[in-house]
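Below is one structure; the comments refer to it alone.
Heavy-atom basis, side chains included; hydrogens, waters and symmetry copies ignored. Keep in mind that what you see is a predicted model, and the values were worked out from it rather than measured. First the proteins, then the strands, lettered A, B, ... as listed; each starts at 1.
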Amino acid sequence: MNEEKKTLPRVRIHLLDVVLILLAILCIVGVWQRSNLKKLFSAQESMDAYTVTFEIAQLSPTVVDDYLSAGVELYMDHDGDRVSLGTLSRQASTGAATKYLKNNAGETVSAIYYPEDLRSVRGVLSSHGLERDGSFYISGDVLLSVNETVVAYTEHADFEIRITGIEKVT
Amino acid sequence: MNQDRADAPKPESAEGHRRQSAHGGLHGGRGPKREHNRRWLFLLVDVLLLAAIVAAVIFVVSLLTPASVFDETEVEERSITYQIELEGVEIQHFNVQQGDAVIDSATGNVIGHVMNFEGRDYEVYTDRVTEVVTSAADGEKITYMVDKITYPTDKYKTYTVTVAVDADYIAGIGYSVGDCRIAVGRAYQVRFPGYTDSAVCVAIHAE
């Protein structure tokens, strides 16, 4: 009986020690792996492949050639974090940049800017995201919709892009 | 760790138990080797608790600072030149010299020094159109071009200024000088010693 009384508190102490050691180890591992934990909690649902198309109303053709080639990744900032918008699946294509104006007869016509100055740009991004309640979340985090204008950037250039399409890759 | 404490320990704490053990108070009659082992166990608990506290502090600090201590991003310094374009500059006020420091007004950083600059006509698009008629096999085709006007060349120019700087480079993120990102398409309010204006970066070249 006496022996039992003596050993009981010791068992409790050991359990407490073990719990404290485990908590401390968990705490350290948690800090070490915090970025993975963040991902685990922020994107519990698995992401799917999407195609996101965009356009830039007016851009210098040299900028398109130099900075919007296939394989370039576009990012955006969201709450201080860098979010990937996807990778250009091919070189961005260009077309005439236009503006509606009146001609000499007073008719509304589509007029083009000098192509060596300004071109309109269309790009296709291979992206990842998920759909929640019918809305698309790029990279699982940021709500993105068609017609939304986003300040996107690559390693060397910033652009204002307008989202023109979001399609799930089947 | 705390072996020299003389005051009475709290019985629930690891330290308390250690002290009590050391004096043989609670579990009296244990051998010195067992006491030694227990002391090491408590020391381990103390060290782990301290490590956990330090880890928690680092975690909080890393949340509150933009650059994380765990970031493995490698920053390298690269010499670059970049071009900024200043549109519609009144020639009589333009006072920029080679070697002038270039300051970004938003951040206050010196973002390089002027290597050279050159001017060209200042042209702007208007709200008028020009009809361009071309002949084709199936008849004439009319293309409407947005008209451009050129400001008087003796009064206005668009200047392209080439700036040289040693910038920080992070792969995938790009170039920055201090807090100022250097990127094509980005607008800056730049200050030279004798002139200030808005400018847009139009090209970057790494040396």
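Relative ring orientation between A/Y114 and B/Y125 is described as tilted, the plane-to-plane angle lying within the 30° to 60° band.
For A/E155 against B/I170, the heavy-atom pair with the smallest separation is OE2-O, 4.1 Å. The shortest non-hydrogen separation linking A/A157 to B/R181 is O-NH2, 3.6 Å. Taking every heavy atom of both residues into account, B/M145 and A/A111 meet most closely at C-CB, 4.2 Å. Of all the heavy atoms in B/T126 and A/L101, the pair that sits closest is O-CD1, 4.4 Å.
Inter-residue side-chain proximity for A/Y67 and B/I204 is flagged as met; some heavy-atom pair is nearer than 4.5 Å.
Separation of atoms CD1 (A/I112) and OH (B/Y144) is listed at 12.5 Å; rounding is to 0.5 Å. Note that NZ of A/K99 is 4.0 Å distant from CG of B/D127, once rounded to the nearest 0.5 Å. Taking NE2 of A/H156 as the start and OH of B/Y169 as the end, the distance is 5.0 Å to the nearest 0.5 Å. Atom CG of residue A/D66 and atom NE2 of residue B/H205 lie 8.0 Å apart, to the nearest 0.5 angstrom.
Heavy-atom neighbours of B/R78 CZ from other residues, nucleotides or ligands within 6.0 Å: above the threshold of 12. Counting non-hydrogen atoms of neighbouring residues, nucleotides and ligands closer than 6.0 angstrom, the CD atom of B/E140 reaches no more than 12 such neighbours. By the 6.0 Å contact criterion, CD on A/E160 is open, its count of non-hydrogen atoms from other residues, nucleotides or ligands being 12 or less. Applying the 6.0 Å contact sphere to CD of A/E167 captures no more than 12 heavy atoms from other residues, nucleotides or ligands.
Along residues 146-160 of chain B, the residues that come nearer than 4.5 angstrom to chain A, judged on non-hydrogen atoms, are B/V146, B/K148 in order of number. Against chain A, no residue from residues 105-123 of chain B qualifies, as none has a non-hydrogen atom under 4.5 angstrom away.
For A/S60, no part lies under 4.5 angstrom from a heavy atom of chain B. For B/T130, no part sits under 4.5 Å from any heavy atom of chain A, backbone or side chain.
Your options are A/I25, A/T154, A/V63, A/D117, and the one with the most heavy-atom pairs under 4.5 Å with chain B is A/D117.
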